[in-house]
Amino acid sequence: MLQTVVPTDFNLPELGENITAGDVLRVLVQPGDVVAKDQPVLELETDKATIEVPSSVAGQVKEIKVKAGDKVKVGQAILSVDENGSAASAAPAKSASEAKPAAKAAPPPPAPAPSAPAPATAAEMSRPSNDAPRPDALAISKVVDISRGARPSPEPASGPSDLPVAPAAPSVRRMAREIGVDIDKVPGTGPDGRISVEDVKAYAKRIVTEASSGQGGVQRAAEPLPDFSRWGAIERQPMRAVRRKTAEHLSAAWATIPHVTQHDLADISGLEELRKRYAKQAEAAGGNLTVTAIAVKVIAAALKVFPQFNSSLDMAADEIIHKKYVNIGVAVDTDRGLLVPVIRNADSKNIIQLSVELSQLSEKARSRKIALDEMQGGTFSISNLGGIGGSFFTPIVNAPEVAILGISRAKVEPVYVKGADGPASGEFVPRLMLPLSLSYDHRVIDGADGIRFLRWVVEAFEQPFLLSLQG
C-alpha cells in the first residue's frame with residue numbers, strides 16, 4: 001500500500017530580539033525547486049534591516065504560501081516541503097530500480113508540527129482602538145486593583161500573544177497581560193535582559209506614577225483624521241517596516257524624554273585644510289575623510305571627558321547606567337528611511353580607521369546588506385545633514401541614549417578678529433563655520449554640563465591638538 005506523503009511546513013523562525021514580523025521583499029525559490037538546509041529561501045525586510053531567511057528543512061518545494069509584499073509574522077508558514085524529494089534529487093545518477101530500495105529503507109517523513117499562531121507585532125499591540133481601553137490605561141487601573149488585594153482576572157484563551165517575543169517566562173507574560181502591560185516595553189533586569197515579575201510590577205508602577213504626576217508617560221490615542229478625499233484625490237501607501245519602526249521609536253523618545261537642544265558654531269577653517277591634505281591617505285585605505293568621520297573621533301574623545309553623556313537612564317530601578325565602552329551610531333539616509341549603523345569602540349580607533357569603517361557601514365546600509373547586530377549597542381549618535389543643507393536643527397535623542405549631535409552645512413561667514421592694538425584695530429575675516437546642535441535628556445544632563453560638552457566639541461574641531469591633550 002502506498003503511503004501518503006504529507007509535506008512539511010517551514011515556518012518563519014525567530015528573527016532576533018523583539019522582532020516579530022517583516023515584509024517579504026523576494027521569495028528566492030519556486031515550487032519544484034529542491035532546497036537544502038540553511039539555504040536562503042526568503043528575503044525579508046524587518047524594522048531594523050533586510051535579511052535572508054534560511055530554510056531549516058530540506059526537500060522539494062511543494063507550495064509557496066507567501067508572496068512579495070506580504071507581511072509575515074514569526075511562526076507563520078512560509079512554504080511546504082516534501083522531505084523525500086531531497087533524497088530523490090540528491091542522487092540523480094541512480095537508476096529507478098536502485099532508488100526504490102532506498103526509498104523503502106528511508107524512514108517515513110515526520111508529521112508536520114501544527115503551525116503556531118503568529119504573534120501580533122509591537123505596532124499592533126500598541127495601536128489604540130476606538131472600542132477597547134489602551135494597554136497602558138488598563139495597567140493603571142488594574143495594577144491599582146491588584147495592589148489593593150483584588151485577584152487578577154483568569155488567564156485569557158491562548159492566542160497570538162502566547163508566542164514568546166520578549167525574554168520572559170509564561171507566568172510573567174500572563175501577569176503582564178492581566179494588568180494590561182505590553183511585555184515588549186518592559187526593561188528586563190535578569191540575565192540577557194530576561195524579564196521578571198518584579199520588572200513588570202516596576203514598569204506598571206512607573207506608568208501609574210508618571211500618569212499621576214502629569215509627566216506624560218502614558219501615550220495618548222492618535223487624533224482621528226478627517227476624510228481627506230472630500231477635498232480631492234488621495235493615495236494611501238502602507239508604511240514600510242523601517243519607516244514604521246522609526247515613527248514608533250521617535251514618538252516614544254519625544255514623548256518620554258525632556259529634550260533640550262543647544263547650538264553653537266565651530267570655526268573649521270584650519271581643520272578643512274588638514275582634511276583636504278590627508279584625504280588621499282583615507283582614500284588609499286578605502287575610506288572617505290569626511291567631517292562626519294572626524295566628528296566620530298571628536299565625540300569619542302568628548303565622552304571620555306564627560307562620561308555622563310555616555311549613559312542611559314533606568315527609571316524603573318532609579319539608576320543611571322554608565323557605559324565603559326564607546327560605540328558611536330551614525331545616521332545614514334537610505335531609500336528605505338533612516339538607519340543608524342554603530343561604530344564599536346570608536347575611542348580606540350584613529351580617524352583613518354573610522355573613515356574606512358564609516359564608509360563600509362554606510363554602503364552596507366544603503367545596499368540592504370547591513371546586519372542587525374551592526375545597528376545595536378550605540379551609546380551616542382551623530383546626525384549630519386550638511387550634505388543636504390540647512391543651518392541648525394533639533395535632533396531627537398536616540399533612546400536609550402541620552403544625547404545626540406546634529407551637524408549642518410558649513411559655510412563661509414565674516415568673523416571679527418581682534419587686532420594687536422585691541423578691538424578697535426580688528427577686522428572681519430572670512431572663516432568656514434560649522435553649525436552644531438546638541439540635544440540631550442534633561443533628566444540626566446543639566447544645561448551647564450550640556451554647554452560645557454558642546455564647547456569642548458567646538459574647541460576640538462577648532463584645535464585638533466585638544467584630542468591628544470585631553471581626549
Side-chain angles (χ1 to χ4, degrees), residues 16 25 43-52 240-243 245-246 249-250 268 271-272 274-276 278-303 325-390 393 395-398 401 403-410 434-439 457 461:
L25 295 181
E43 189 176 275
L44 198 69
E45 182 184 68
T46 72
D47 53 21
K48 297 181 182 293
T50 298
I51 58 177
E52 289 184 341
R240 300 188 66 168
V242 172
R243 174 57 57 194
K245 184 62 177 180
T246 300
H249 181 67
L250 294 182
I268 61 168
L271 183 66
E272 181 64 11
L274 293 172
R275 189 188 70 81
K276 291 180 179 178
Y278 295 104
K280 291 191 179 298
Q281 289 190 20
E283 291 176 4
N288 189 9
L289 190 56
T290 62
V291 171
T292 305
I294 298 171
V296 171
K297 184 62 178 178
V298 170
I299 290 299
L303 294 178
Y325 52 90
V326 176
N327 296 342
I328 307 297
V330 180
V332 176
D333 183 28
T334 75
D335 59 354
R336 295 177 294 145
L338 195 67
L339 299 178
V340 187
V342 175
I343 299 178
R344 302 188 185 280
N345 303 313
D347 55 322
S348 65
K349 299 172 182 176
N350 60 43
I351 295 178
I352 296 293
Q353 292 172 321
L354 293 173
S355 67
V356 172
E357 188 169 348
L358 179 58
S359 297
Q360 293 173 345
L361 287 173
S362 299
E363 176 58 29
K364 290 172 74 173
R366 295 189 178 101
S367 61
R368 304 187 177 191
K369 295 180 180 179
I370 194 161
L372 295 177
D373 185 61
E374 293 174 304
M375 295 191 292
Q376 297 175 342
T379 62
F380 189 104
S381 293
I382 296 174
S383 179
N384 189 347
L385 300 180
I388 302 174
F393 66 106
I396 297 179
V397 174
N398 185 21
E401 300 166 14
I404 180 173
L405 180 71
I407 303 175
S408 299
R409 172 172 289 181
L434 180 69
L436 301 174
S437 304
L438 175 71
S439 291
V457 171
F461 273 113

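Hydrogens, waters and symmetry mates play no part in the numbers below; they use all other heavy atoms, side chains included.
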Ignoring hydrogens, what is the shortest heavy-atom contact between Gly286 and Ser359? Give both atom names and the distance.
O-CB, 4.2 Å

Looking at every heavy atom in both Ala410 and Ile268, which two are closest together, and how far apart are they?
CB-CD1, 4.0 Å

Residues Glu272 and Arg275 bridged, charged N to O under 4.0 Å:
yes

Could you state the interatomic distance from CD1 (Ile294) to CG (Leu271), rounded to the nearest 0.5 Å?
4.5 Å

When you compare the side chain of Leu436 with that of Phe461, does any pair of heavy atoms fall below 4.5 Å?
yes

For Arg368, which of Thr334, Leu25, Leu339 qualifies under side chain to side chain contact (heavy atoms under 4.5 Å, CB included)?
Leu25

Is a side-chain N or O of Thr379 found less than 3.5 angstrom from the main chain of Val326, in a donor-acceptor match?
no

Of all heavy-atom pairs linking Leu438 and Ala403, the shortest is CD1-CB, 4.5 Å

For residues Ile396 and Ile404, determine if any side-chain heavy atom of one lies less than 4.5 Å from a side-chain heavy atom of the other.
no

Looking at side-chain heavy atoms only, is the closest gap between Phe380 and Leu405 below 4.5 Å?
yes

Contacts of Arg344 that satisfy side chain to side chain donor-acceptor pair (under 3.5 Å) - sequence neighbours left out:
none

Got Asn345 and Asn327 here, is their nearest side-chain heavy-atom distance under 4.5 Å?
yes

Check whether any side-chain N or O of Gln353 sits under 3.5 Å from a backbone N or O of Asn350 as a donor-acceptor pair, and report yes or no.
yes

Closest approach of Lys297 to Lys349 (non-hydrogen atoms, all atoms of both residues)
NZ-O, 2.9 Å

Is the closest side-chain heavy-atom distance between Glu401 and Ser381 below 4.5 Å?
yes

Between His249 and Asn398, does a side-chain contact (heavy atoms from CB on, under 4.5 Å) hold up when you go through it step by step?
CA-CA 8 Å; His249 181 67; Asn398 185 21; 2.8 Å; yes

Any donor-acceptor pair under 3.5 Å from Asn384 side chain to Gly386 backbone
yes

With heavy-atom distances below 4.5 Å as the criterion, would you say the side chains of Val296 and Ile382 are in contact?
yes

Could you go step by step and tell me if Ile343 and Leu354 meet the side-chain contact (heavy atoms from CB on, under 4.5 Å) rule?
CA-CA 8 Å; Ile343 299 178; Leu354 293 173; 3.8 Å; yes

Between Pro341 and Ala365, what is the shortest heavy-atom contact and its length?
CG-CB, 4.2 Å

For Leu385, check side-chain contact (heavy atoms from CB on, under 4.5 Å) against everything at least two apart and list the hits.
Ser383, Phe393

Is there a side-chain contact between Val291 and Leu434, using heavy atoms and a 4.5 Å cut-off?
yes

Residues Val356 and Ala285: closest non-hydrogen pair is CG2-O, 3.5 Å

Distance from Glu374 atom CD to Lys369 atom NZ, nearest 0.5 Å?
12.5 Å

Calculate, to the nearest 0.5 Å, the distance between atoms CZ and CD1 belonging to Arg409 and Ile388 respectively.
9.0 Å

Side chain to side chain, Gln281 and Leu289, heavy atoms closer than 4.5 Å:
no

With sequence neighbours left out, what residues match Ser355 under side chain to side chain donor-acceptor pair (under 3.5 Å)?
none

Rounded to the nearest 0.5 Å, the CD atom of Glu283 sits from the NZ atom of Lys280 at a distance of 5.5 Å

